[in-house]
Amino acid sequence: AEYMGDLLHRWGFVVHYGNQPQLEDMVITKPQRAIEAIAQVITSPLHLRSRPIRNVERLDKYLETAKLDDELLQELWQEKFNLREIAAFRFILENHYLMTQIRSQKERMYLVPSMLSD
């Protein structure tokens with residue numbers, strides 16, 4: 001079963017990280033959902049601004065600094081994804097270096113390099 005999961009992952013039919021303890025029992029059978037989650041974070045400022053965001057100041061800070069706080073990340077994902085999926089998508093973004101956790105005294109923060117301006 002483990003071999004089949006790895007094979008289906010490599011072929012792109014599922015998303016499965018069997019070699020990661022926190023995700024070994026999770027299989028995303030619709031990889032498009034993972035793509036949608038990533039696109040919610042790594043996207044154009046126009047797209048992000050077109051969404052209804054409760055805390056616009058957090059969004060502005062993210063767009064200016066490429067520093068994404070966990071509260072905004074949760075807000076971007078909460079309508080479409082459950083908590084288990086959110087944890088998996090956070091792991092995928094970090095595992096593929098699409099975002100990295102940075103030190104913050106107050107809250108969990110991430111740097112999203114692709115959102116840095118030139």
Side-chain angles (χ1 to χ4, degrees):
E2 186 177 324
Y3 171 76
M4 194 56 151
D6 291 341
L7 189 61
L8 290 172
H9 175 84
R10 277 188 262 145
W11 287 344
F13 293 113
V14 299
V15 177
H16 180 246
Y17 289 91
N19 59 345
Q20 300 297 325
Q22 63 270 43
L23 295 178
E24 66 187 356
D25 64 337
M26 182 175 195
V27 177
I28 300 170
T29 57
K30 296 180 181 174
Q32 185 62 36
R33 287 182 63 75
I35 293 167
E36 289 172 13
I38 292 167
Q40 301 254 338
V41 175
I42 303 170
T43 189
S44 74
L46 287 175
H47 178 72
L48 281 169
R49 288 194 191 283
S50 70
R51 299 195 51 197
I53 300 289
R54 287 189 311 266
N55 192 328
V56 178
E57 293 82 26
R58 286 183 185 273
L59 177 62
D60 289 341
K61 182 179 176 187
Y62 172 50
L63 294 174
E64 290 171 17
T65 65
K67 293 179 182 175
L68 175 64
D69 65 72
D70 203 51
E71 188 175 314
L72 180 58
L73 183 60
Q74 294 284 344
E75 186 175 347
L76 291 172
W77 284 345
Q78 71 184 3
E79 286 181 19
K80 291 185 91 173
F81 308 108
N82 64 46
L83 292 175
R84 194 156 181 242
E85 288 175 315
I86 288 172
F89 299 148
R90 187 183 292 121
F91 172 82
I92 291 168
L93 283 165
E94 289 186 87
N95 191 53
H96 291 284
Y97 305 105
L98 298 172
M99 74 178 191
T100 187
Q101 192 167 352
I102 56 177
R103 292 180 185 254
S104 173
Q105 298 293 339
K106 301 176 192 172
E107 58 201 343
R108 191 185 301 186
M109 280 291 238
Y110 303 95
L111 177 67
V112 182
S114 64
M115 295 299 287
L116 289 167
S117 59
D118 294 332

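This structure is a prediction, so every number in the text was calculated from the model and none was measured.
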Under 3.5 Å, which donor-acceptor pairs do the side chains of residues 43-50 form with other protein atoms, sequence neighbours left out?
| residue | atom | partner | partner atom | Å |
| --- | --- | --- | --- | --- |
| Ser44 | OG | His47 | N | 3.1 |
| Arg49 | NH1 | Asp60 | OD1 | 2.6 |
| Arg49 | NH2 | Asp60 | OD1 | 3.4 |
| Ser50 | OG | His47 | O | 2.7 |

**Message:** Contact between Leu111 and Leu116 at the side-chain level, heavy atoms closer than 4.5 Å - yes or no?
**Reply:** yes
**Prompt:** When you measure from the side chain of Glu85 to the backbone N and O of Asn82, does any donor-acceptor pair fall under 3.5 Å?
**Reply:** yes
**Prompt:** Taking C-beta and beyond as the side chain, do Tyr110 and Arg90 meet within less than 4.5 Å on heavy atoms?
**Reply:** yes
**Prompt:** Hey, are the side chains of Ile42 and Leu93 touching, using non-hydrogen atoms and a 4.5 Å cut-off?
**Reply:** yes
**Item:** Sequence-distant partners of Arg108, salt bridge (charged side-chain N to carboxylate O under 4.0 Å, His left out), two or more places apart
**Value:** none
**Message:** For a 4.5 angstrom cut-off between non-hydrogen side-chain atoms, does Lys67 reach Ile102?
**Reply:** yes
**Request:** Compare all side-chain heavy atoms of Val41 with those of Leu73 and state whether any distance is below 4.5 angstrom.
**Result:** yes
**Beyond-backbone contact of Lys80 with Gln40, side-chain heavy atoms, under 4.5 angstrom** = yes
**Message:** Applying side chain to side chain contact (heavy atoms under 4.5 Å, CB included) to Gln74 and Ile86, what does each step give before you reach the verdict?
**Reply:** CA-CA 8 Å; Gln74 294 284 344; Ile86 288 172; 3.7 Å; yes
**Prompt:** Hey, are Asp69 and Lys61 close enough for a salt bridge, meaning a charged N less than 4.0 Å from a carboxylate O?
**Reply:** no
**Message:** If the condition is salt bridge (charged side-chain N to carboxylate O under 4.0 Å, His left out), which residues does Glu107 pass it with, not counting sequence neighbours?
**Reply:** Arg58
**Item:** Residue pair Leu72 / Ile53, side-chain heavy-atom distance below 4.5 Å
**Value:** yes
